[in-house]
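Remarks on the structure that follows.
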Amino acid sequence: MTMARPDLCLDFANTRYWRGQTTPTETLNAPADLAAWAKATKPPSAREFETALALREAIYRLFDAQAGGKAAAPRDLEALNQALAEAPSRATLRRGRDGYSWDVDARSGTALALLAPVLWSAADLLAGPRLDRVRRCANPECGWLFLDDSRAGKRRWCSMSACGNRAKARRHYHKSREEDA
């Protein structure tokens, strides 16, 4: 199992994207998709998969509320706390090729074992000093969550090559139309 990056929970929340569209894009369509995302050898059961998707949505809502300057729903924090209480603990470190990581037995295939690093990442980010750097892409159709590591802390787009470029092209189009009128 890899180390829990501070934004791993946001990566997990973003496995469903274009949330502002009528039909968002879903990348986790089956238990095998979750196993592949988590780099696990055994996919979870259908019930565990549904648990994982419910946790993903709770994590998304927690950080989306934060990015929007709103209070998170208590039920979402309760869901995260319950999952943290039931997930494997961070008890043993293991040295690997890329450094140290928490040793989690993900062979059980349970959602909480697969998602333990995601849950730790969410808790660490919520309780840590970088929470005020969580942002939602300014494109209302996108909804992607990210950790703003820019120096000024004013990043607006999930990426300039995607939504940022679209916004620039849209502004240019409207500006040129106004000049032609």
Side-chain angles (χ1 to χ4, degrees), residues 2 4-39 43-44 46 49-80 83 111 114-115 117-126 128-181:
T2 59
R5 295 185 343 262
D7 59 345
L8 181 63
C9 58
L10 302 181
D11 288 348
F12 183 60
N14 290 332
T15 58
R16 183 172 196 195
Y17 55 96
W18 292 113
R19 288 173 178 264
Q21 293 187 345
T22 307
T23 306
T25 302
E26 178 62 72
T27 61
L28 302 179
N29 296 297
D33 296 334
L34 177 60
W37 184 87
K39 297 180 177 73
F49 178 66
E50 292 303 319
T51 298
L53 293 183
L55 277 170
R56 178 193 60 190
E57 294 309 302
I59 289 169
Y60 182 86
R61 288 188 301 266
L62 281 167
F63 288 104
D64 185 53
Q66 173 64 32
K70 299 175 186 164
R75 66 181 162 85
D76 292 327
L77 186 57
E78 288 170 18
L80 178 60
L114 289 175
L115 298 179
V118 170
L119 301 171
W120 302 334
S121 165
D124 291 344
L125 187 54
L126 284 168
R130 297 173 68 198
L131 181 59
D132 64 342
R133 291 293 189 130
V134 173
R135 306 278 190 269
R136 181 183 342 105
C137 181
N139 178 350
E141 291 186 349
C142 180
W144 194 273
L145 296 171
F146 60 91
L147 199 54
D148 181 0
D149 286 326
S150 67
R151 184 179 300 171
K154 297 187 186 285
R155 182 174 153 199
R156 298 183 60 213
W157 312 107
C158 58
S159 76
M160 277 309 293
S161 62
C163 291
N165 198 31
R166 289 178 185 184
K168 287 169 75 176
R170 193 175 304 120
R171 277 194 309 270
H172 175 73
Y173 172 79
H174 289 297
K175 185 178 178 183
S176 64
R177 298 268 302 170
E178 289 172 5
E179 290 173 358
D180 290 344

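FYI, the numbering just counts along the sequence from 1.
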Calculate, to the nearest 0.5 Å, the distance between atoms [atom1] and [atom2] belonging to [X] and [Y] respectively.
| X | Y | atom1 | atom2 | result |
| --- | --- | --- | --- | --- |
| L28 | F49 | CG | CZ | 5.5 Å |
| N14 | F146 | CG | CZ | 10.0 Å |
| L131 | D124 | CG | CG | 12.0 Å |
| R155 | L147 | CZ | CG | 8.5 Å |
| L126 | C9 | CG | SG | 7.0 Å |
| F12 | T27 | CZ | OG1 | 9.0 Å |

Shortest non-hydrogen contact from [X] toward [Y]:
| X | Y | value |
| --- | --- | --- |
| D132 | P129 | OD1-O, 3.5 Å |
| Q21 | E141 | NE2-OE1, 3.4 Å |
| A72 | A65 | CA-CB, 3.8 Å |
| C137 | C158 | SG-N, 3.4 Å |
| P43 | A35 | CA-CB, 3.6 Å |
| L114 | A38 | O-CB, 4.1 Å |

- prompt: Side-chain contact, heavy-atom cut-off 4.5 Å: L34 with L115?
  reply: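 The answer is yes; the side chains approach within 4.5 Å.
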field: Contact check, side chains of P24 and Y17, non-hydrogen atoms, under 4.5 Å
entry: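 In short, these two side chains do not touch, never coming nearer than 4.5 Å.
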- prompt: So, the side chain of R75 versus the backbone of L77: is there a donor-acceptor pair under 3.5 Å, distance only?
  reply: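 Flag not set: sc R75 to bb L77 has no pair under 3.5 Å.
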- request: Without swapping roles, check the side chain of R135 against the backbone of G153 for a donor-acceptor pair under 3.5 Å.
  value: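 Flag set: sc R135 to bb G153 pair under 3.5 Å.
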field: side-chain hydrogen bond (donor to acceptor under 3.5 Å, both in side chains) partners of S159, counting only residues at least two apart
entry: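 S159 satisfies side-chain hydrogen bond (donor to acceptor under 3.5 Å, both in side chains) with S161 only.
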Who passes salt bridge (charged side-chain N to carboxylate O under 4.0 Å, His left out) against [X], sequence neighbours left out?
| X | value |
| --- | --- |
| D149 | R130 |
| R136 | D64 |
| D33 | none |

message: Going by side-chain hydrogen bond (donor to acceptor under 3.5 Å, both in side chains), name the pairs with one or both residues in residues 49-61, residues two or more places apart or in two chains.
response: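 Of all non-adjacent pairs touching residues 49-61, those that pass side-chain hydrogen bond (donor to acceptor under 3.5 Å, both in side chains) are T15-R56, R19-E57, E26-R56, R61-D76.
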- prompt: Can W120 and L8 be said to form a side chain to side chain contact (heavy atoms under 4.5 Å, CB included), step by step?
  reply: CA-CA 9 Å; W120 302 334; L8 181 63; over 6 Å; no
message: For F63, give me all partners under ring-ring contact (aromatic ring centres under 6.0 Å, His included), at least two apart in sequence or on another chain.
response: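 Testing F63 for ring-ring contact (aromatic ring centres under 6.0 Å, His included), a comparison that skips the adjacent residues, returns none.
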